[in-house]
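If you're wondering where the values come from, they're calculated on a predicted model, not measured in any experiment.
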2 protein chains.
Amino acid sequence: MMQVLRGELRERELPFTHQREAIAQILFESTRHMSADDVAAALRQRGEHAGKATVYRTLALLVELGLATEHDFDEGFKRYETQVGAAQHDHMICTECGQVSTFTNPELDRILAEVAAEHGFEAITRQVKVFGTCSETASCRDAQQAYRSVRSTS
Amino acid sequence: MMQVLRGELRERELPFTHQREAIAQILFESTRHMSADDVAAALRQRGEHAGKATVYRTLALLVELGLATEHDFDEGFKRYETQVGAAQHDHMICTECGQVSTFTNPELDRILAEVAAEHGFEAITRQVKVFGTCSETASCRDAQQAYRSVRSTS
DNA sequence: CTGCCTGCAAATGCTTTGCATCTCG
DNA sequence: CGAGATGCAAAGCATTTGCAGGCAG
């Protein structure tokens, strides 16, 4: 995993620094979607350290290199996720508890490719997000019920 | 159109003010996706005026009432679009020229509904965005070619 | 060595908030 | 009249930038 980063950097003659390694490591190991602050906190927890600016610059670099993706889940800040070895996948965000779950669907891939082709568009990335309520916790289920009844009466 | 807003406000016993009317009017008439600043500029152009805070508060209100939707096209700020009488639709964003085009696809609706159901998720809104390059201008087509050749050799 | 990176703090830019004042209903 | 809206300016925040000093290659 780290080798991929090393290779990409070498290819562009960019230095493989301690901070870049540490930040990439954090992101690669995490299964969650991390904010810049999450990354900084994780670094601190390991006794490492990198300035806020470096964290942002490195995350942007990883996105640039295609090793990470950036997401906006309407929280007022961005989150990042490793892209290495990950298949294209999409997200469902619970607006009650904030939980983000992922899913993949081959039909979705096919349809979006078709739509792009029809419009003479060369698709590079896509973001499919379904916002709603999950059924994980009691309060989320309550919110689901509330929403369903509102909808059915209007 | 404006009647819908009037009705929603009355229902909640919220005042139908001159500013709310003007801002909604701007949004309802526009076919583009407008930023808060775009709205303020459009107001000025008509000789109307509303403070920045009011524009933000009103746009948030329209979203709340379900009369508008909020979008983030990775520009560092949000854009708003009227939702009244509009069918669910999605976006393709050209990363070269910034053009945003819309599309609808019934299959997409079906698939996302299925996926949500499978996960015990109650979908409220969704955002499907395809980022890439369009074929409108010469420079966009150049970027398309460049991207295609990179992709085929890697 | 030399160029790119890092850290810090200051700057940005969008959006939100506090508060006095005004308006709709 | 009274609840809620408006306007302005002052916060708030995530993110970016400038610049002096450091580190990889």
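Within residues 8-36 of chain B, the residues approached by DNA chain D to less than 4.0 Å at the level of any non-hydrogen atom are B/Leu14, B/Pro15, B/Thr17, B/Gln19, B/Arg20, in residue-number order.
Rounded to whole Å, atom P of D/dA5 lies 8 Å from atom CG of B/Leu61. D/dG7 atom P lies 13 Å from atom CZ of B/Arg44, rounded to whole Å. Atom P of nucleotide C/dT15 and atom CG of A/Asp74 are separated by 12 Å, given to the nearest angstrom. A straight line from CZ of A/Phe77 to C1' of C/dT12 spans 20 Å, rounded to a whole angstrom. Separating the NZ atom of B/Lys78 from the C1' atom of C/dG13 is a distance of 14 Å, rounded to the nearest angstrom. Across the protein-nucleic acid pair, B/Lys52 atom NZ and C/dC14 atom P stand 9 Å apart, rounded to whole Å. Protein atom CG of A/Asp38 is 11 Å distant from nucleotide atom P of D/dA14, rounded to whole Å. Straight-line distance from the CG atom of A/Leu43 to the P atom of C/dT6: 12 Å, rounded to whole Å.
Atom CD of B/Gln99 has more than 12 heavy atoms from other residues, nucleotides or ligands within 6.0 Å. In A/Lys129, the NZ atom is crowded: over 12 heavy atoms of neighbouring residues, nucleotides or ligands sit closer than 6.0 Å.
Both B/Leu9 and B/Ile26 sit in one connected hydrophobic cluster of ILVMFWY residues. Membership requires side-chain heavy atoms under 4.5 Å apart, directly or through other members.
Judged by distance alone, with hydrogens and angles left aside, the side-chain atoms of B/Ser135 form a donor-acceptor pair with the main-chain N or O of A/Gly120 at under 3.5 Å. B/Gln144 places a side-chain N or O within 3.5 Å of a backbone atom of B/Thr133 that can act as its donor or acceptor partner.
In this structure, the nucleotide among D/dT6, C/dG7, D/dA9 sitting nearest to the side chain of A/Thr54 is C/dG7. Among the nucleotides D/dC8, C/dG7, C/dT6, the one closest to the side chain of A/Thr58 is C/dT6.
The nearest heavy atom of DNA chain C to A/Gly51 and to B/Arg79 marks one nucleotide each, and the one closer to the 5' end goes with A/Gly51. Of the two residues contacting DNA chain D, namely A/Arg57 and A/Asp37, the nearest-nucleotide position lying further toward the 5' end is that of A/Asp37.
Phosphate contact (OP1/OP2 of D/dT16, side-chain N/O of A/Tyr56, threshold under 4.0 Å): absent.
Closest heavy-atom contact between B/Val55 and B/Ala50: CG2-O, 4.2 Å.
Between A/Arg110 and B/Glu107 there is a salt bridge, with a side-chain nitrogen of the basic residue lying less than 4.0 Å from a carboxylate oxygen of the acidic one.
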